[in-house]
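Below is one structure, written out as structure tokens; the observations come after it.
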Amino acid sequence: MPMASSDKRKQTGKNRAFIQSLGHAWDGLRALFHYERNFRKHLAFGTAAVLAGLILRLNVNEWLWLMLAIFLVLIAETLNTIVEAVVDLVVGTTYHDLAKRAKDVAAGGVLLAATFAVIVGALVMLPALSRWF
């Protein structure tokens with residue numbers, strides 16, 4: 001029987017049904033949105049890019065690149081959050097050079113994805129904008 005996220009019993013085994021897995025995935029997305037300020041910022045910038053794409057009437061190929069860039073940033077931020085949570089779980093409040101390196105590398109991955117998104121945004125939006133003039 002699928003366990004609701006509000007059940008007092010904590011699940012320690014594998015999910016037994018797809019709907020249970022889906023519920024946990026939605027819980028994860030809600031946690032990202034609720035606890036991660038940078039995820040909300042990336043989501044806001046992605047939404048703004050989609051609105052700009054609608055206004056500029058992007059073609060299918062431009063939409064594909066734009067959506068790839070947006071989702072790549074969101075996925076990178078998700079992975080960064082995972083790394084931070086696991087490192088904090090392991091080291092607690094103590095400092096460790098490897099913990100710092102893991103967190104820095106994960107943040108660097110987000111920076112790479114965001115840089116890619118800016119480049120894609122410029123390559124897609126600027127020509128689309130020039131079609132208006």
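We number each residue from 1, following the sequence as shown. Atoms considered below: every heavy atom in the structure, side chains included; atoms not considered: hydrogens, waters and symmetry mates. Predicted model only: the values in this text are computed from it and were never measured.
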* Flag the pair H42 / V110 as yes when at least one side-chain heavy-atom distance between them is below 4.5 Å, and no otherwise. => yes

* Asked: Nearest heavy-atom pair of A113 and A76: which atoms, and what distance?
  -> CB-CB, 3.8 Å

* To do: Please check if atom OH in Y95 has more than 12 non-hydrogen atoms from other residues, nucleotides or ligands closer than 6.0 Å.
  => yes

* If two hydrophobic side chains count as joined below 4.5 Å and joins carry through other members, does W132 share a cluster with M125? -> yes

* Asked: Which atom names give the shortest non-hydrogen contact between R57 and R131, and what distance separates them?
  -> O-NH2, 4.1 Å

* Distance from L32 atom CG to N38 atom CG, nearest 0.5 Å? -> 11.0 Å

* Is L129 reachable from L66 through a run of hydrophobic residues whose side-chain heavy atoms are each under 4.5 Å from the next? -> yes

* Asked: In terms of hydrophobic clustering (I, L, V, M, F, W, Y; side-chain heavy atoms under 4.5 Å; direct or indirect links), are V50 and F45 co-clustered?
  -> no

* **L58 versus A128, closest heavy-atom pair with distance** => CD2-CB, 3.6 Å

* Asked: Do the side chains of L98 and V86 join up, straight or via other hydrophobic residues, at under 4.5 Å, putting them in one cluster?
  -> no

* **For the student: nearest non-hydrogen atoms of T94 and V91, plus distance** => OG1-O, 2.6 Å

* Closest approach of G46 to I70 (non-hydrogen atoms, all atoms of both residues) -> O-CD1, 3.5 Å

* Asked: In Å, rounded to the nearest 0.5 Å, how long is the span from CG of D27 to CG of L22?
  -> 10.0 Å

* Check the hydrophobic clustering (I, L, V, M, F, W, Y; side-chain heavy atoms under 4.5 Å; chains of links allowed) and say if F33 and W26 are grouped together. => yes

* To do: Would you indicate whether R101, at its atom CZ, is surrounded by more than 12 heavy atoms from other residues, nucleotides or ligands within a distance under 6.0 Å?
  => no

* Flag side-chain contact, heavy atom, 4.5 Å: V87 against K100 -> no

* Give a yes or no on this: more than 12 heavy atoms of other residues, nucleotides or ligands lie within 6.0 Å of atom CH2 of W63. => yes

* Within 6.0 Å of CZ in F116, more than 12 heavy atoms from elsewhere -> yes

* Mind listing the closest non-hydrogen atom pair of F39 and L74 along with its distance? => CE1-CD2, 3.8 Å

* Test side chain to side chain contact (heavy atoms under 4.5 Å, CB included) applied to L68 and V120, step by step -> CA-CA 9 Å; L68 173 67; V120 167; over 6 Å; no

* Structure fact -> Taken to the nearest 0.5 Å, the spacing of E77 CD from I82 CD1 works out to 10.5 Å

* Asked: E36 and T78: side chain to side chain contact (heavy atoms under 4.5 Å, CB included), yes or no, with the steps?
  -> CA-CA 9 Å; E36 296 300 322; T78 301; over 6 Å; no

